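When a ligand or atom number is given, it counts from 1 through the structure's own listing order. Since the model is a prediction, treat every value here as computed from it, not as a measurement.
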Amino acid sequence: MPAIIAFHTLHDANVSICEDGKLLAVLELERLFAKRYFCSGQRKSVFTEQWQQAIDLMIKFTGLSSFDVAVCSWVLPSQREILQTLVNAKEWVTVDHHKCHAALGLYDSPFSDALILSYDGGGNDGTFNVYQGNRRDGVELIEKVCLNLGTPYRQIAMAMPEVTRQEYDPESITTFMRFAPLAMSGKIMGYAALGNVREEWLPHFKEYYKEFLTPLISVFNLGERLGVSLEPNALDNSTARDVAATSQHVFTQLLLDQISKFLDLYRKANNSEPDGIVLTGGCALNVHANQSVIEEFGYPVHIPSAPNDCGISVGAAWCVESPKERCPTLYAGLPLFDVNYLDAVAMERDATKVTVAEVAALLVEGAIIGIVRGRQEFGPRALGHRSLVCYPNRLALKEEINKLKSREWFRPLCPAITERSAARMFLGRESSKKKRCGGNEDPCLSSSPSKVDSPLCLQAVPGESPADWMGLSPYMSFAPPLREEAQKLFPAIAHYDGTARLQTVSPSSEPWFHSLLEEVGRQADDGGYEILLNTSFNVKGKPILNHLSTALEILDSSPEGTMTHVLIEDWLFTPQRQKTPVVDESR
Ligand SMILES: [Fe+2]
């Protein structure tokens, strides 16, 4: 029963513990220190203190304090030396960055054999690596492709004032062009839906991505070719939206080109088809590109819940000892750090215990409720354990929630939905592809295999083509188009391009959340759709919360008429506005 502890200490720092390949727990340090994309401190004393705290929590939760192997990926030697003083392990090993992404993607997937693409803004071993993998032998590198899609994608966001929402000091303008914050990737992805793809720009964007060197060189060169300034905040809004849309289009096309090439290589090398395609690395958070992969190739596509660097430590542990069978990772985070105070705080604040039906009734009446239950999600999406939810039948909810969270007005809000309602609300693969291509049937679609019987596929709606299935999306990894009726019924979750980044919920993945969705479908008078708007429970610039105290602070400070309740386990709290926080544990 080998016990393994694994570390990732750079941005999105995390630590995980596995036993005999089974993931026992993972801690993303941003949740502990309330700092998004948390990167370990550089000073020795700070680094030591941060990691001592994280390791202590993990040891306390798992009950394991000595390890057969400790694994690091892409770590400074001096930091590894510190970790070696904090952890009792017989052996220390190091694993390459993209290999970690690939191992997590493979073993989290339902596939025996897969083509795996790991792509992001950079690791110690490249920016775009392609592997083939099988559960018996692990992952094997096919090729390191010289292509960086991650950094150039987010970098041009700095020229878009609606995306950056900040002023720049003209005295140091080039400083802001060097390092675009990681948060820009998600923002520009939502923003791209507002613009149009400009055909005449396509070759220039292809060159920009293919020859990306540094932001200062490549962004300037792109601006010159397009005939616009790409200095910080320099674009007018109309042009900025088209730049974002064109960039998204080229990003997707370059990904599709690589998959097409490596699928051919895979078939020739193995004389067989893979069970499916795994996309991993930070760029696999691009739900529109992911959706295009499903539509284009007809294979099931799997993306782990933490494809970005939040998942590196788990992949590192699985490079050393793989899981014997597929194990759930979705709620592998820790319980609330201050959960021991829950009952006392509930009594003090006159919270009441409620049933699923009572929570559903509040939601159907229009309540916005923060839900905090069980262990935290693994990865950047809130999937029902640290979520803000409401019934999305009013367009105004979009503005209310984006305001509550200080999010940009154009960012999408997404649905959690039962699998059976998903097939009714969304277009399937073929219909979606036709819509994307302007109604034209693409010849490559009809010639590609279609694995309708995959565990990752939902059946089509009765009466429609059996090939018109849609992929499951348990981790909010895809954004298919909504049917017109669904857009009208639930405008708060329809993005500007008519898509929605859905979470499909099954009774086995989260029984309580699934029963809440079912109950909402029963009580609402809208045709029985089992759906809620589901967005992460946090506020501007902060990571998803993992403190009871933070949940109540957000509730108490929310503007009147917005957030109405917080449900923590089965306790329902109402706001106590004007009051100071009850508990301030570890903050
Ligand atoms: Fe990465």
query: Where is the tightest heavy-atom contact between T151 and G121, given as atom of each residue plus distance?
result: OG1-O, 3.4 Å

task: Please determine, by modelled atom types, if R411 and N402 share a side-chain donor-acceptor pair under 3.5 angstrom.
output: no

query: Just checking, any donor-acceptor pair under 3.5 angstrom between side chains of N14 and S313?
result: yes

- prompt: Are side-chain N/O atoms of S477 and N290 paired as donor and acceptor at under 3.5 Å?
  reply: no

task: Give every protein N, O or S atom lying under 2.8 Å from the Fe ion (ligand 1), naming each by residue and atom.
output: H97 NE2, H101 NE2, D120 OD2, D309 OD1

message: Quick test of your reading of the model: are E408 and K405 salt-bridged, counting only N-O distances below 4.0 Å?
response: no

- request: Any salt bridge (Lys or Arg N to Asp or Glu O under 4.0 Å) involving residues 105-123? Give me the pairs, sequence neighbours left out, ordered by first then second residue.
  value: D113-R136

